[in-house]
Enquirer: 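If you scroll down you'll find the structure; I have some questions about it.
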Amino acid sequence: RNEEDGTAVPTSIKDRLNRGRTAMLKDSQDVKLNVKFWNNEHYWVKDGAGVLRQLATGVSFGDRGGKPAHRIRQRFNFIRQLVEGKVSAATQRVPSYECSPSTTEPDDQDAARLAEKVSLYGYDQWRIRDVTTKVVTNALVQREGFAFPYWDPDVGPYDENGKGRGEVKIEVLGATEVYWEPGQRFEESRWHAV
C-alpha cells in the first residue's frame with residue numbers, strides 16, 4: 001500500500017519490484033559470504049542449497065569437543081592489503097569541479113562559478129572522500145557499491161516553527177540493498193529500488 005494516501009500499489013509496479021528483487025537475491029549469499037570473509041569471519045561456507053552455514057571448527061564448545069584450547073588458529077585477511085591499495089589509488093586525488101555556463105551572459109557565468117564553489121565546499125562538508133572510500137571498498141568486496149545522496153530536512157539550526165535548515169547527506173549502499181530491472185545495466189534501467 002502507498003503510505004501517503006492508502007491506495008494500492010499498481011500490479012505493474014509490484015511485478016517490476018518482484019523481478020528486480022528476485023534477481024538481486026540470486027547472488028546475495030555470495031555477497032554475504034564475501035562480506036563475512038572481509039570482516040575476518042572465516043568459518044563460514046555456502047552449502048549445497050546455497051545457505052550460509054558456520055563451520056563447527058575453531059572453537060571448543062565445552063564438553064562437546066571441538067578444537068583443543070591450546071591450539072590457536074589465527075585468521076588473516078589476505079585480500080585486505082590488496083583492496084586497501086586499490087581503494088587508496090582510486091580515492092587519493094581531490095577532484096576539481098568545473099561547471100560550464102549555459103550561455104555567455106554574466107548571470108549564467110556567475111551562477112557557474114558559484115556552482116563550482118558549492119561543489120568544492122560540499123566535498124568536505126558532505127565527506128565525499130569517506131563516501132568514495134566506502135563505495136569503492138563495497139565495489140571490490142561485494143562487486144557493487146552505491147552512493148545515495150538525499151536531502152535531510154531535520155538538521156538544525158531550527159527556526160521558531162521547529163523547522164530545520166536541512167543538509168545534504170549521502171548513504172552508502174551495498175549490492176544487496178539496491179536493485180533494478182533484471183538484464184539491464186544500472187545506468188540504463190528506467191527504475192531503481194532501495
Side-chain angles (χ1 to χ4, degrees), residues 1-39 41 44-54 83 86-87 90-91 95 97-100 102 111-112 114-115 118-119 121-123 125-159 161-194:
R1 293 199 146 295
N2 188 345
E3 295 177 5
E4 293 177 6
D5 57 7
T7 59
V9 177
T11 56
S12 62
I13 293 176
K14 280 185 188 177
D15 292 342
R16 289 179 188 168
L17 291 175
N18 289 336
R19 281 196 315 265
R21 185 168 174 79
T22 302
M24 178 204 55
L25 291 176
K26 185 174 71 174
D27 294 332
S28 67
Q29 295 301 326
D30 291 333
V31 170
K32 289 177 184 176
L33 185 63
N34 291 349
V35 170
K36 286 197 178 291
F37 282 174
W38 178 254
N39 293 328
E41 298 177 24
W44 288 85
V45 67
K46 192 170 89 165
D47 65 8
V51 178
L52 286 182
R53 303 247 185 242
Q54 189 169 17
V83 170
K86 297 281 187 191
V87 169
T91 61
Y97 300 100
E98 181 178 325
C99 299
S100 300
S102 57
L114 180 62
V118 168
S119 300
Y121 164 80
Y123 182 81
Q125 179 67 26
W126 305 321
R127 296 178 177 89
I128 299 293
R129 174 162 171 108
D130 295 338
V131 169
T132 306
T133 301
K134 291 177 185 175
V135 168
V136 173
T137 302
N138 279 353
L140 292 172
V141 173
Q142 302 181 21
R143 296 187 220 139
E144 294 172 329
F146 302 95
F148 179 59
Y150 64 96
W151 179 258
D152 185 4
D154 295 330
V155 176
Y158 298 95
D159 62 9
N161 297 329
K163 210 171 182 186
R165 180 185 69 186
E167 184 62 69
V168 172
K169 296 210 175 163
I170 303 174
E171 186 174 351
V172 177
L173 303 168
T176 58
E177 298 172 303
V178 178
Y179 51 96
W180 55 92
E181 184 67 45
Q184 292 188 350
R185 294 173 50 103
F186 177 82
E187 304 85 18
E188 296 169 355
S189 178
R190 291 175 44 202
W191 60 271
H192 303 90
V194 175

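All values below come from the heavy atoms of this structure, side chains included, with hydrogens, waters and symmetry mates left out.
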Enquirer: Using a 6.0 Å cut-off, check whether atom CD of E188 has over 12 heavy atoms from anything other than its own residue.
Expert: yes

Enquirer: Only pairs under 3.5 Å count here: list side-chain donor-acceptor contacts from residues 17-24, not counting sequence neighbours, and write none if there are none.
Expert:
from, atom 1, to, atom 2, distance (Å)
N18, ND2, K14, O, 3.2
R19, NE, E181, OE2, 3.2
R19, NH2, E181, OE1, 3.1
R19, NH2, E181, OE2, 3.1
T22, OG1, N18, O, 2.7

Enquirer: Do Q142 side-chain atoms and A139 backbone N/O form a donor-acceptor pair below 3.5 Å?
Expert: no

Enquirer: Grab the two heavy atoms, one from V172 and one from N138, that are nearest each other, plus how far apart they are.
Expert: CG1-ND2, 3.5 Å

Enquirer: List in chain and number order the residues that pass ring-ring contact (aromatic ring centres under 6.0 Å, His included) with F37, two or more places apart in sequence or in another chain; answer none if no residue qualifies.
Expert: H42

Enquirer: Kindly determine whether W44 and R53 satisfy side-chain contact (heavy atoms from CB on, under 4.5 Å), including the steps that lead there.
Expert: CA-CA 6 Å; W44 288 85; R53 303 247 185 242; 5.7 Å; no

Enquirer: Could I get the full list of ring-ring contact (aromatic ring centres under 6.0 Å, His included) partners for F146, not counting sequence neighbours?
Expert: W180, F186

Enquirer: Of all residues at least two apart in sequence or in a different chain, which pass the salt bridge (charged side-chain N to carboxylate O under 4.0 Å, His left out) check with D152?
Expert: K169

Enquirer: Determine which pairs satisfy side chain to side chain donor-acceptor pair (under 3.5 Å) with at least one residue from residues 24-33, sequence neighbours left out, and list them in order.
Expert: D30-K46

Enquirer: Would you indicate whether K86, at its atom NZ, is surrounded by more than 12 heavy atoms from other residues, nucleotides or ligands within a distance under 6.0 Å?
Expert: no

Enquirer: Using 0.5 Å steps for rounding, measure from the OG1 atom of T176 to the CD atom of E144.
Expert: 10.0 Å

Enquirer: Looking only at non-hydrogen atoms, find the nearest pair between L33 and V45 and report the distance.
Expert: CD1-N, 4.2 Å

Enquirer: Donor-acceptor check, side chain of D47 to backbone of A49, threshold 3.5 angstrom: yes or no?
Expert: yes

Enquirer: Please test F148 against V178 for side-chain contact (heavy atoms from CB on, under 4.5 Å), starting from the C-alpha separation and ending with a verdict.
Expert: CA-CA 10 Å; F148 179 59; V178 178; over 6 Å; no

Enquirer: State whether the side chain of Y179 and the backbone N or O of A175 hold a donor-acceptor pair below 3.5 Å, judged by distance alone.
Expert: no

Enquirer: Extract all donor-acceptor atom pairs below 3.5 Å that involve side chains of residues 125-133 and protein atoms in other chains or at least two apart in sequence.
Expert:
from, atom 1, to, atom 2, distance (Å)
Q125, OE1, Y121, OH, 3.4
W126, NE1, E167, OE2, 2.7
R129, NH1, T91, O, 2.2
T132, OG1, I128, O, 2.7
T133, OG1, R129, O, 2.9

Enquirer: Tell me the closest heavy-atom pair linking A147 and I170, and the distance in Å.
Expert: CB-CG2, 3.9 Å

